Amino acid sequence: MKKSLTRSISYWLLLVLSLASAAVGGWIISDNTAVMTARLLDGTATGVEVYVGQPWIVVGAVLLGAGVIGVLLTLALAAAKSLIPVAAPAVAEPIDWSKDTEDAAETQTTSVSDATEPAADEAVEEEDQNGSSGSTATATNISVR
């Protein structure tokens, strides 16, 4: 089954989660860097702001990096998908719409003539079976046990 890349849930999930990861990582880096810089310049920095802020910046950098890698993967998937040739649908034969109207007219005349025939044909068909059940196996001379 060949599915379009734009209809793939996993593709869109990768793109959305990558963008969310990059945004959250960028926000964590920006927020903690701004707080640490402001407190250090004021001279009011505590150990918590300086020493806990650094690991938060690393966590933000990891999230930002994962988001960027995810976005690059989605771009690579889109580029790879565009390089794969798409098979053109083959048209067997053009549709002749006038033939459909002729077939419909023949069907109507055939069904009218079938309704007027006597029921004698049914009796002949029953005699041809010679008491068989009328199954497909009997009609094709296959022995069924």
Side-chain angles (χ1 to χ4, degrees), residues 1-117 119 121-122 125-126 128-145:
M1 179 168 127
K2 294 184 179 183
K3 191 160 71 168
S4 172
L5 189 61
T6 58
R7 294 182 61 195
S8 173
I9 293 173
S10 58
Y11 174 78
W12 289 109
L13 193 63
L14 175 64
L15 181 62
V16 168
L17 291 178
S18 298
L19 290 174
S21 175
V24 168
W27 175 73
I28 290 173
I29 291 171
S30 174
D31 185 46
N32 285 311
T33 304
V35 168
M36 195 174 6
T37 303
R39 298 291 188 258
L40 286 172
L41 291 177
D42 289 348
T44 60
T46 63
V48 172
E49 291 168 344
V50 174
Y51 295 114
V52 176
Q54 292 174 2
W56 273 109
I57 291 172
V58 171
V59 169
V62 168
L63 288 174
L64 179 64
V68 168
I69 288 173
V71 169
L72 291 175
L73 278 174
T74 58
L75 291 174
L77 281 172
K81 184 71 174 179
S82 68
L83 292 176
I84 297 173
V86 178
V91 178
E93 60 185 47
I95 299 173
D96 185 13
W97 295 106
S98 62
K99 185 176 181 180
D100 289 341
T101 57
E102 292 171 5
D103 290 343
E106 287 178 16
T107 304
Q108 289 175 353
T109 58
T110 305
S111 62
V112 171
S113 65
D114 288 345
T116 58
E117 290 182 4
D121 290 338
E122 293 174 8
E125 289 177 9
E126 289 177 10
D128 288 342
Q129 291 183 359
N130 294 328
S132 69
S133 64
S135 68
T136 306
T138 306
T140 56
N141 296 327
I142 297 175
S143 176
V144 178
R145 295 179 189 222

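Predicted model only: the values in this text are computed from it and were never measured.
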About how many Å separate [atom2] of [Y] and [atom1] of [X], when rounded to the nearest 0.5 Å?
| X | Y | atom1 | atom2 | result |
| --- | --- | --- | --- | --- |
| Asn32 | Trp27 | CG | CH2 | 8.0 Å |
| Leu77 | Tyr11 | CG | OH | 7.0 Å |
| Trp56 | Asp31 | CH2 | CG | 10.5 Å |
| Ser8 | Leu14 | OG | CG | 9.5 Å |
| Glu49 | Leu40 | CD | CG | 8.5 Å |

Identify the two heavy atoms, one from [X] and one from [Y], that lie closest to each other, and give their separation to 0.1 Å.
| X | Y | result |
| --- | --- | --- |
| Val68 | Ala22 | N-CB, 4.4 Å |
| Leu63 | Gly25 | CB-CA, 3.7 Å |
| Ser21 | Gly67 | OG-N, 3.7 Å |
| Ile57 | Met36 | CD1-CE, 3.3 Å |
| Thr37 | Thr33 | OG1-O, 2.7 Å |

Atom CD1 of Ile9 with >12 non-hydrogen neighbours under 6.0 angstrom: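 Incorrect, the count does not exceed 12.
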